[in-house]
K.L.:
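Handing you this structure, nothing more for now.
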Amino acid sequence: MNILFLYVRMFHPHRGEIERVSDLLCREFIKRGHRVFFLHSVRDETLMDYPYPAPLSFFPNSSVREVGENGVFYRNFLESNHIDIVINQDPFSYHELCSFSKGIRGGTYYICHSLSSVQYLRLFVGAYHAVKEQIFVGEV
């Protein structure tokens, strides 16, 4: 299986929290025979010294608000790497990219960290509408 971790900044486990968990998950997925990729918006040269377990890739535009150019890049990335699962670690930054993955195999898992119930509700409603739209497009 080909797995993509999507997060704004580079995962560096020394920061802890999301970065450490993502690094551990990535290593375990690789150990079990899966291919793993990292895709980020922000490149930080000070963090390039760490031996990342998966290849690092970056959106062409570091602004998460730039959907057009990054969206096309995202779709091409998913297709060319045959991504089966996207683990979106920052759904509030990347939610608009979902429309660029329509018709591509696999699924996206949204991981939310420390959100209030209002934020969960907003995310759930948005995800529900995105999934509903994909289901109906797939059936037509």
K.L.:
Taking C-beta and beyond as the side chain, do Y74 and I83 meet within less than 4.5 Å on heavy atoms?
P.N.:
no
K.L.:
Side chains of L56 and R43: does their closest heavy-atom pair fall under 4.5 Å?
P.N.:
no
K.L.:
How long is the straight-line distance from CZ of F77 back to OG of S80, given to the nearest 0.5 Å?
P.N.:
6.5 Å
K.L.:
Is the shortest heavy-atom distance from the side chain of M10 to the side chain of Y50 under 4.5 Å?
P.N.:
no
K.L.:
Using 0.5 Å steps for rounding, measure from the CD1 atom of I87 to the CZ atom of F38.
P.N.:
9.5 Å
K.L.:
Treating N2 as the side-chain partner and D84 as the backbone partner, does any N or O pair qualify as donor plus acceptor under 3.5 Å?
P.N.:
no
K.L.:
Can you list everything that forms a side chain to side chain contact (heavy atoms under 4.5 Å, CB included) with V42? Sequence neighbours excluded, please.
P.N.:
V8
K.L.:
NE2 of H82 to CZ of F37: how many Å apart, nearest 0.5 Å?
P.N.:
9.0 Å
K.L.:
I'd like to know if I30 and M1 are part of one continuous hydrophobic network [Ile/Leu/Val/Met/Phe/Trp/Tyr, side-chain heavy atoms within less than 4.5 Å].
P.N.:
yes
K.L.:
Walk me through it: do F73 and N61 pass the test side chain to side chain contact (heavy atoms under 4.5 Å, CB included)?
P.N.:
CA-CA 10 Å; F73 176 86; N61 192 313; over 6 Å; no
K.L.:
Answer whether the closest heavy-atom distance between the side chains of L78 and V86 falls below 4.5 Å.
P.N.:
yes
K.L.:
Look only at the side chain of E69 and the backbone of G71, and say whether a donor-acceptor pair between them is shorter than 3.5 Å.
P.N.:
no
K.L.:
With rounding to the nearest 0.5 angstrom, report the CG to CD1 distance, L6 to I3.
P.N.:
14.0 Å
K.L.:
Quick one: does R9's side chain get under 4.5 Å of D44's, heavy atoms only?
P.N.:
no
K.L.:
Classify the angle between the aromatic ring planes of H34 and F29 as parallel (below 30°), tilted (30 to 60°) or perpendicular (above 60°).
P.N.:
perpendicular
K.L.:
What's the spacing between S22 OG and Y7 OH if we round to 0.5 Å?
P.N.:
8.0 Å
K.L.:
For C26 and V36, work out which heavy atoms get closest and say how close.
P.N.:
SG-CG1, 3.4 Å
